[in-house]
Engineer: 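Below is one structure. I have some questions about it.
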Amino acid sequence: MADTKREIERKYESDDSGLPDLTGVAGVATVVDKGVAHLDATYYDTADQRLAAAKITLRRRTGGSDAGWHLKFPVAPDIRDEIHAPLSDTLPPDLAGLVRARVRDAELIPVVRLRSDRDLRHLVDAAGRLLAEVSVDAVHAEGLAEGAGTAQWTELEVELADGGDPAFLDKVEKRLRKAGVRPSKSSSKLARALTETAPKRKGGGKKKQPSPGAPVTAGDHVLAYVREQRDAILELDPAVRQDAPDSVHRMRVATRRTRSAFRSYAKVLDRTVTDPIGEELRWLAGELGVDRDREVMTERLSAAVDALPPTLLHGPLRTRLHTWANARRGGSRRRLTGVLDSRRYLALLDALDALVADPPLLADAAGKPEKVIAKAVRKDFGKLSDLVDQAVALEPGAERDVAIHEARKKAKRARYSAEAAAPALGSPASTLVKSMKSVQSLLGDHQDSVMTRVTLRELSAVAHASGENTFTYGLLYGREEQVAAGVEARLPEVWEGIRTSAVL
């Protein structure tokens with residue numbers, strides 16, 4: 001079983017291979033010599049280095065106190081999540097799954113071998129508590145690709161103790177800088193090794209990867225937004241597999257944003273290409289939402305029950321709700337992992353990559369953003385306005401409920417199209433994003449009320465059939481009706497304020 005650890009560390013280099021005296025660092029009482037460890041690590045990646053491009057490292061290391069397989073994902077500057085699995089001859093399945101969205105059908109091969117002599121010290125306080133580990137690593141790097149070279153260097157590493165205050169690293173760095181030590185130019189040993197051992201190109205120099213330039217045309221801006229959502233899906237894949245909080249919801253939103261961009265900017269990207277991808281994104285969103293919708297409903301109903309005074313709580317309602325909430329939870333994580341391992345999902349990722357690499361641009365893609373993009377946003381806003389007007393004109397009831405739900409979906413699309421437009425159009429688009437979020441939230445409260453009442457009817461019917469008191473279900477149902485009525489009463493005024501203030 002793999003274990004995850006948050007790693008906060010900084011790397012340094014200097015012209016001197018020794019370690020400066022750190023006993024003067026505030027809070028450090030003693031520097032404990034832990035001896036020298038001999039580490040031997042082989043790093044794995046695809047032939048085209050997909051993991052390195054995403055700043056992900058995968059290695060098998062022997063020696064030291066944590067021999068085994070290590071998979072590291074970037075979190076923020078100087079911060080990574082390290083997932084450790086026991087030493088084995090082959091890559092553990094848990095770790096293979098966490099990089100599958102990046103690797104797909106490509107083979108993971110050894111790309112670099114790093115052998116390091118690590119001179120390790122512990123910085124401890126007066127109570128003997130570990131503050132940080134400091135090591136001086138003498139590194140020998142060997143590139144394993146055909147024609148790759150070797151490199152050697154010495155670097156200094158400071159890793160914060162578990163649960164430590166990151167501000168302590170600033171104190172250590174201040175002392176190191178005074179001693180002539182400077183931050184490393186490379187983010188990791190692997191990054192430096194890949195650069196310094198890479199095979200030479202004919203004609204000299206090393207191949208540089210192209211990077212997207214600053215958006216200029218309407219097509220540039222739309223593609224930048226689509227690329228951002230594609231990247232979000234890839235980055236969230238491991239978190240979803242590990243059941244990290246809010247990861248499923250965030251990935252689902254990324255799929256919706258991508259589909260919305262395809263539809264809103266149909267004059268920029270050819271829908272004969274994007275529509276099939278959009279259908280697959282809708283499938284993925286549906287798979288992600290199987291448990292998510294029930295979780296949201298459970299949270300809403302649990303909060304409503306908790307808010308009731310004991311005198312109004314009749315029957316085993318909490319037990320009934322718990323049973324309903326967990327009715328489909330068994331194996332749900334395995335089911336979702338199966339979706340993410342499926343050929344269909346991996347083919348969708350390939351399709352998104354292909355679209356970003358070779359976009360199906362139409363004539364309007366070359367147009368000015370302030371014209372093409374603004375027109376698309378205004379069109380989405382106009383459709384939303386028509387739907388809100390239709391909903392307001394209807395009498396309360398099922399038909400109005402459906403109309404408000406349709407308006408809510410259109411509000412999401414208007415919001416997402418405005419998000420894509422914000423880098424090009426600036427403040428007006430950003431203001432519209434905020435307005436769309438507020439109306440989406442309002443309409444969402446109404447839809448949540450509708451769906452909660454459906455659930456309450458189902459739960460009440462089961463409870464009644466079991467001979468239970470259903471008074472509380474009726475009470476909660478009535479309160480949800482009041483929520484919906486309140487939204488419907490506020491909607492005309494709220495929408496009129498948004499409509500009159502929208503400038504694009």
Side-chain angles (χ1 to χ4, degrees), residues 236 239-240 242-253 256 285-333 335-336 391 396-398 400-402 404-409 411-412 415 434 436-466 468-491 494:
L236 285 164
V240 170
Q242 295 176 91
D243 203 21
D246 205 37
S247 58
V248 170
H249 172 64
R250 291 166 59 202
M251 181 185 276
R252 198 179 182 192
V253 169
R256 288 170 170 170
E287 293 291 342
L288 292 167
V290 167
D291 292 322
R292 170 67 184 175
D293 292 340
R294 184 162 288 217
E295 288 173 2
V296 171
M297 183 63 64
T298 301
E299 292 172 2
R300 182 182 180 90
L301 282 171
S302 296
V305 171
D306 290 342
L308 290 176
T311 54
L312 297 179
L313 190 59
H314 296 279
L317 196 144
R318 284 195 174 91
T319 301
R320 182 68 61 192
L321 179 57
H322 178 78
T323 301
W324 178 83
N326 290 279
R328 294 190 301 183
R329 286 294 293 172
S332 61
R333 184 175 173 186
R335 181 200 59 78
L336 187 51
R400 176 183 268 190
D401 290 344
V402 172
I404 290 178
H405 181 47
E406 290 301 314
R408 175 176 175 249
K409 291 191 290 185
K412 285 184 181 180
R415 170 189 168 185
K434 294 179 181 178
M436 292 301 95
K437 287 176 69 174
S438 67
V439 76
Q440 178 187 329
S441 177
L442 181 66
L443 299 178
D445 287 342
H446 189 278
Q447 178 64 10
D448 288 345
S449 171
V450 171
M451 299 310 298
T452 301
R453 279 177 276 154
V454 171
T455 301
L456 284 168
R457 286 197 298 270
E458 294 174 357
L459 292 173
S460 177
V462 174
H464 178 73
S466 300
E468 298 169 10
N469 189 324
T470 58
F471 167 81
T472 306
Y473 295 99
L475 174 63
L476 294 174
Y477 191 97
R479 291 190 173 187
E480 289 295 342
E481 284 185 319
Q482 291 180 331
V483 169
V487 171
E488 293 174 20
R490 292 175 54 203
L491 182 57
V494 170

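When reading the values below, keep in mind they use all heavy atoms of this one structure, side chains included, and skip hydrogens, waters and symmetry mates. Count residues from 1 along the sequence.
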Engineer: Taking the side chain as C-beta and beyond, is there a heavy-atom pair between Arg300 and Glu295 under 4.5 Å?
Structural biologist: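 No, side chains not in contact.
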
Engineer: Is the side chain of Thr472 donor-acceptor paired with the backbone N or O of His314 at a distance under 3.5 Å, no angle test?
Structural biologist: yes

Engineer: Using side-chain contact (heavy atoms from CB on, under 4.5 Å), reason through Met297 and Thr452 one step at a time and then give a plain yes or no.
Structural biologist: CA-CA 7 Å; Met297 183 63 64; Thr452 301; 3.3 Å; yes

Engineer: Flag the pair Leu476 / Val305 as yes when at least one side-chain heavy-atom distance between them is below 4.5 Å, and no otherwise.
Structural biologist: yes

Engineer: Within the structure provided, determine whether Leu301 and Leu317 are in side-chain contact (heavy-atom separation under 4.5 Å).
Structural biologist: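 Result no, sub-4.5 Å side-chain heavy-atom pair not found.
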
Engineer: Apply the test salt bridge (Lys or Arg N to Asp or Glu O under 4.0 Å) to residues Arg252 and Asp293: give CA-CA distance (whole Å), side-chain angles for both, the deciding distance (0.1 Å), then the verdict.
Structural biologist: CA-CA 11 Å; Arg252 198 179 182 192; Asp293 292 340; 3.0 Å; yes

Engineer: Report yes or no: does Thr323 contribute a side-chain atom to a donor-acceptor pair with the main-chain N or O of Thr319 at less than 3.5 Å?
Structural biologist: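 Between the backbone of Thr319 and the side chain of Thr323 there is a qualifying donor-acceptor contact (under 3.5 Å).
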
Engineer: With a 4.5 Å limit on heavy-atom distance, are the side chains of Val462 and Trp324 in contact?
Structural biologist: no

Engineer: For atom CZ of Arg490, decide whether the heavy atoms of other residues, nucleotides or ligands shown that lie under 6.0 angstrom number more than 12.
Structural biologist: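 For Arg490, atom CZ is not crowded (no more than 12 foreign heavy atoms under 6.0 Å).
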
Engineer: Within the structure provided, determine whether Ser449 and Val487 are in side-chain contact (heavy-atom separation under 4.5 Å).
Structural biologist: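 No - every pair of side-chain heavy atoms lies 4.5 Å or more apart.
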
Engineer: Judged by modelled atom types alone, do His405 and Asp401 share a side-chain donor-acceptor pair under 3.5 Å?
Structural biologist: no

Engineer: Counting N and O atoms only, with roles assigned by atom type, does the side chain of Ser247 sit under 3.5 Å from a partner on the main chain of Ala244, one being a donor and the other an acceptor?
Structural biologist: yes

Engineer: Scan side-chain atoms only and decide if Gln440 and Arg415 contain a donor-acceptor pair under the 3.5 Å cut-off.
Structural biologist: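 On atom types as modelled, these side chains qualify, holding a pair under 3.5 Å.
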
